[in-house]
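Remember, it's a predicted structure, so these values are computed and weren't measured experimentally.
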Amino acid sequence: MPPAYPVNEDDRAPRKRAVFSRGIFAVESYHVPDQERSPRTSEHQRKGRDVALQLLDDLTNRPLDALYTDARLYSQPKSRITYWGTRIVVFLVCIAVGFVSCAFVRLLQSDPRKEVRVSLSKELSTSTAHVNDLQRDIKQLTTQIDKESTQGTPNPLVESVQKNDLAAGLVAVEGPGITMTLSDPIASANNEHASIRVITDLDLQQLTSLFWQAGAEALAINGNRVGVLTSIRTAGSQILVGTTPVESPYKIQAIGDKNALAQFMGERNLQSLYDSFRNSGIYPVVAKSNSIRLDAAAAGTLTYAKKDE
């Protein structure tokens with residue numbers, strides 16, 4: 001066993017070093033004694049001990065570096081005001097950080113686009129209701145004008161205006177006609193059709209043109225009168241007749257000679273059109289009617305067209 005030498009009291013650390021030193025600014029230090037001139041080293045040399053044994057003894061009994069032990073740390077006493085003041089400040093800071101974190105999390109969870117969509121939806125509903133009220137007033141005023149016109153003396157100019165309004169769809173009409181009903185196909189795993197598609201605005205435009213070509217005097221799609229200023233178009237995923245959205249099933253009503261209309265719009269006359277619909281799972285149905293009533297279309301405002309003198 002190698003000889004062990006006791007640790008010198010001067011080499012012992014007066015206090016263990018803490019992880020966080022509170023008295024770091026009051027640390028006392030002193031110079032490390034010269035190891036070569038220390039009495040212990042000289043005594044070792046005088047006794048003729050092996051240097052390796054001395055190194056083992058130093059590693060075993062004095063593992064700390066001499067410079068590391070050169071710190072006489074002390075704990076500086078604090079007053080009660082500083083003690084409680086520090087804790088109150090830390091508590092308030094924690095509350096503030098928690099409040100800000102909660103507000104930030106709520107802000108991240110909230111969707112600002114949702115509020116915009118709700119606001120736009122409310123504005124659209126309000127505008128639609130206002131437009132419907134205006135259209136209702138227009139229909140009432142048009143009915144009153146027609147009633148007053150019929151009570152007066154017949155005038156060729158008034159009769160010409162009435163015919164033009166009738167052709168333009170600006171007055172309500174009633175008479176015999178036909179109704180064509182067609183719906184979007186229902187997709188299923190057992191569907192035997194080569195392709196499945198829905199009815200588009202182009203299909204309704206084509207059928208409307210065919211009805212006019214067949215001699216229809218008045219036309220409506222799902223109760224919406226088609227006039228000279230009425231458009232049939234797609235807006236997003238909806239088909240609009242004028243400004244009113246329509247959806248499947250689509251019911252096209254036409255007033256005129258019901259027999260002639262039914263013959264022209266039948267499958268025999270439009271074989272290719274019906275075959276195209278059938279391949280897509282669409283089956284138009286035509287029904288005759290002795291009396292169909294169609295309301296007047298919404299009247300637009302002409303800006304550039306003026307009467308020729």
Side-chain angles (χ1 to χ4, degrees), residues 135 138-139 142-143 146 159-185 193 195-235 238-300 302 305:
Q135 291 180 353
I138 291 173
K139 291 179 181 179
T142 303
T143 304
D146 295 339
E159 293 179 357
S160 176
V161 171
Q162 290 178 352
K163 290 182 180 180
N164 292 335
D165 292 342
L166 179 64
L170 300 181
V171 294
V173 293
E174 183 177 1
I178 65 172
T179 301
M180 173 180 284
T181 305
L182 59 164
S183 305
D184 291 333
H193 301 292
S195 61
I196 299 176
R197 66 176 182 86
V198 296
I199 299 172
T200 63
D201 56 338
L202 297 178
D203 296 327
L204 297 180
Q205 292 175 8
Q206 183 181 10
L207 291 174
T208 301
S209 300
L210 291 174
F211 270 107
W212 292 128
Q213 184 178 353
E217 299 177 359
L219 199 65
I221 301 177
N222 285 16
N224 299 281
R225 183 75 174 276
V226 178
V228 292
L229 299 178
T230 304
S231 62
I232 302 174
R233 59 188 177 89
T234 298
Q238 293 285 335
I239 297 179
L240 302 181
V241 178
T243 58
T244 305
V246 295
E247 57 185 8
S248 177
Y250 302 98
K251 183 182 295 185
I252 305 176
Q253 296 174 305
I255 293 179
D257 187 350
K258 60 181 181 180
N259 295 324
L261 291 175
Q263 183 179 2
F264 187 90
M265 299 301 298
E267 184 176 358
R268 292 183 179 180
N269 188 42
L270 303 175
Q271 184 67 38
S272 60
L273 179 62
Y274 275 79
D275 291 341
S276 175
F277 282 156
R278 188 181 300 107
N279 292 332
S280 302
I282 303 173
Y283 301 94
V285 177
V286 177
K288 299 179 182 180
S289 179
N290 294 326
S291 178
I292 298 177
R293 177 175 175 80
L294 303 179
D295 294 331
L302 297 178

Looking at [atom1] of [X] and [atom2] of [Y], how far apart are the two atoms once the value is rounded to the nearest 0.5 Å?
X	Y	atom1	atom2	value
D257	K288	CG	NZ	9.0 Å
I239	T244	CD1	OG1	13.5 Å
I292	I178	CD1	CD1	8.0 Å
R233	L202	CZ	CG	13.5 Å

**OP:** Mind listing the closest non-hydrogen atom pair of P185 and S280 along with its distance?
**Re:** CG-O, 3.3 Å
**OP:** Taking all heavy atoms of A297 and all of T230, pick out the closest pair and write down the distance.
**Re:** CB-OG1, 4.3 Å
Could you pull out every donor-acceptor pair under 3.5 Å between side chains of residues 207-226 and any protein atom, sequence neighbours left out?
| unit_1 | atom_1 | unit_2 | atom_2 | d |
| --- | --- | --- | --- | --- |
| T208 | OG1 | L204 | O | 2.7 |
| S209 | OG | Q205 | O | 3.1 |
| N222 | OD1 | K251 | N | 2.7 |
| N222 | ND2 | E247 | O | 3.3 |
| N224 | ND2 | I221 | O | 3.1 |
| N224 | ND2 | N222 | O | 3.3 |
| R225 | NH1 | V171 | O | 2.7 |
| R225 | NH1 | D295 | O | 3.1 |

**OP:** Just jot down the side-chain contact (heavy atoms from CB on, under 4.5 Å) partners of S248, sequence neighbours excluded, or say none.
**Re:** S183, D184, Y250
**OP:** With sequence neighbours excluded, tell me which residues meet side-chain hydrogen bond (donor to acceptor under 3.5 Å, both in side chains) with T234.
**Re:** D201
Subject >> Results of side-chain hydrogen bond (donor to acceptor under 3.5 Å, both in side chains) for S291 - residues two or more places apart only >> reply: E174
N/O donor-acceptor pairs under 3.5 Å from side chains in residues 260-268, not counting sequence neighbours:
| unit_1 | atom_1 | unit_2 | atom_2 | d |
| --- | --- | --- | --- | --- |
| E267 | OE2 | R278 | NH2 | 2.4 |

**OP:** Quick one: list whatever passes salt bridge (Lys or Arg N to Asp or Glu O under 4.0 Å) with D203, sequence neighbours left out.
**Re:** R197
